[in-house]
Amino acid sequence: MAKKHHPKSLSEATKASWTWESLTLAENDRIRHIANVSAAMGIDVNDVIDVSRTMSDDELKTMSENSTTIIPVTFDANLTDEQIIRLLLILKRVVSMKTYDVDNVRKWLECRNTEPVKAKNIGLLSYLLSLLSSEGYVCQNWQHVASERKVFCSKTGKVITRVHYAQALTKLTTRTGKKPDREIHDVVMGLKG
């Protein structure tokens with residue numbers, strides 16, 4: 001298969017006045033595969049574009065299909081309304097919400113909140129989401145989802161990045177041990193029963 005000219009970067013594509021409508025189906029697929037590889041590997045999309053210029057369409061498609069850590073659109077929450085009601089007790093300590101109810105929690109679990117939810121304590125929020133993830137209630141990529149979908153922000157309104165979540169969780173567990181907050185731990189472990 002002959003190699004086609006592909007833009008060196010997304011900005012080059014934009015400068016060339018590309019529109020989705022002007023792309024052929026094959027070019028559209030190529031861009032989708034590049035985006036999948038970029039998201040799955042946590043690599044800047046422009047770097048993937050640079051590497052992909054030397055690859056055939058089939059090689060890129062294979063790489064995209066073998067990428068198993070695509071960032072989900074939501075937290076893929078596996079929580080019943082009753083379980084969310086139990087979580088509301090500790091959510092009041094961890095985040096600031098206008099109303100603490102099942103519908104609002106579902107909105108941010110589905111990344112449908114219109115503005116980021118303010119975290120009162122990023123470490124405790126990270127610990128809560130980490131426990132929920134380890135118990136299978138939310139996806140393993142919760143840090144990526146929360147950061148990419150701008151679900152939470154700091155008290156000052158700055159969106160929390162995955163690096164902030166990781167640093168806060170590390171700092172919290174290093175300082176306090178494996179179970180930094182007994183109440184959060186007990187509530188999450190009690191969701192099964």
Side-chain angles (χ1 to χ4, degrees), residues 35-44 64-193:
N36 284 348
V37 170
S38 172
M41 299 176 87
I43 300 172
D44 183 79
S64 172
E65 289 169 351
N66 290 335
S67 300
T68 56
T69 57
I70 303 293
I71 299 170
V73 175
T74 70
F75 287 101
D76 291 331
N78 185 20
L79 291 161
T80 65
D81 287 352
E82 182 182 309
Q83 290 169 322
I84 291 174
I85 290 169
R86 287 195 227 157
L87 285 174
L88 288 174
L89 299 171
I90 56 175
L91 284 174
K92 290 180 181 179
R93 289 183 44 222
V94 178
V95 296
S96 293
M97 296 175 12
K98 291 177 183 170
T99 57
Y100 294 88
D101 61 24
V102 172
D103 290 335
N104 274 343
V105 175
R106 282 240 183 262
K107 278 183 185 176
W108 62 257
L109 286 171
E110 295 169 1
C111 302
R112 292 185 298 117
N113 45 322
T114 55
E115 57 187 41
V117 176
K118 285 192 178 177
K120 293 180 181 177
N121 184 313
I122 298 171
L124 291 179
L125 174 61
S126 298
Y127 180 61
L128 170 62
L129 289 169
S130 177
L131 278 176
L132 288 172
S133 175
S134 67
E135 295 301 313
Y137 295 113
V138 297
C139 65
Q140 294 292 319
N141 294 0
W142 67 267
Q143 291 175 339
H144 293 288
V145 173
S147 146
E148 295 295 320
R149 308 294 181 234
K150 298 174 176 62
V151 178
F152 301 103
C153 66
S154 66
K155 293 176 188 177
T156 61
K158 186 176 178 183
V159 173
I160 304 168
T161 68
R162 62 182 177 212
V163 172
H164 293 125
Y165 293 113
Q167 288 173 342
L169 185 58
T170 300
K171 184 177 176 182
L172 185 70
T173 53
T174 302
R175 187 184 57 198
T176 58
K178 289 187 177 184
K179 296 178 186 171
D181 189 282
R182 174 59 77 185
E183 183 183 7
I184 291 174
H185 179 268
D186 291 349
V187 168
V188 171
M189 294 304 139
L191 293 177
K192 292 178 184 174

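For reference, positions follow the sequence shown, starting with 1.
- Taken from NZ in K150 to CD in E115, the straight-line distance is 14.5 Å, to the nearest 0.5 Å.
- Residues K118 and C153 meet the side-chain proximity criterion, which asks for heavy atoms closer than 4.5 Å.
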| request: Just do the side chain to side chain contact (heavy atoms under 4.5 Å, CB included) check on Q167 and I122 with the steps written out, would you? | output: CA-CA 9 Å; Q167 288 173 342; I122 298 171; over 6 Å; no
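- Side-chain atoms of Q140 come within 3.5 Å of backbone N or O of S133 as a donor-acceptor pair.
- Using modelled atom types, one side-chain atom of D181 and one backbone atom of I184 make a donor-acceptor pair closer than 3.5 Å.
- With contacts defined as side-chain heavy-atom distances shorter than 4.5 Å, the pair L191/L132 qualifies.
- Smallest separation of non-hydrogen atoms from I160 and S154: CG1-N, 3.7 Å.
- A donor-acceptor pair under 3.5 Å is formed between the side chain of N113 and the backbone N or O of V151.
- What you find for A119 and L125 is that their closest heavy atoms are CB-CD2, 3.9 Å.
- Looking at every heavy atom in both residues, V117 comes nearest to V95 through CG1-CB, 3.7 Å.
- Across L124 and R93, no two heavy atoms sit closer than the pair CD1-NH2, 3.8 Å.
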| message | L128 vs L91, test: side chain to side chain contact (heavy atoms under 4.5 Å, CB included). Steps then yes/no. | response | CA-CA 9 Å; L128 170 62; L91 284 174; 3.6 Å; yes
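- Y127 approaches H185 most closely through the heavy-atom pair OH-CB, 3.5 Å.
- No side-chain heavy atom of K107 sits under 4.5 Å from any side-chain heavy atom of T114.
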| query | Are Y137 and L87 close enough, and set up right, to give a side chain to side chain contact (heavy atoms under 4.5 Å, CB included), and what steps lead you there? | reply | CA-CA 12 Å; Y137 295 113; L87 285 174; over 6 Å; no
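- Listed by first and then second residue, the salt bridge (Lys or Arg N to Asp or Glu O under 4.0 Å) pairs involving residues 120-133 amount to none (not counting sequence neighbours).
- With rounding to the nearest 0.5 Å, the separation of NE2 in H164 from OG in S126 is 10.5 Å.
- One finds the CD1 atom of I90 at 6.5 Å from the CD atom of E183 (value rounded to the nearest 0.5 Å).
- A heavy-atom distance below 4.5 Å is not found between the side chains of R149 and T74.
- Judged purely by atom type and a 3.5 angstrom limit, S134 uses its side chain to pair as donor or acceptor with the backbone of L131.
- Taking the six-membered ring where the residue is Trp, F75 and F152 present tilted rings, their angle falling between 30° and 60°.
- Within the 4.5 Å cutoff, the side chain of E135 has heavy atoms near those of the V188 side chain.
- Atom-to-atom distance recorded for Y165:OH and Q143:CD is 8.5 Å, nearest 0.5 angstrom.
- No side-chain donor-acceptor contact under 3.5 Å links D76 to the backbone of C139.
- T173 and T170 get closest at one heavy-atom pair: OG1-O, 3.3 Å.
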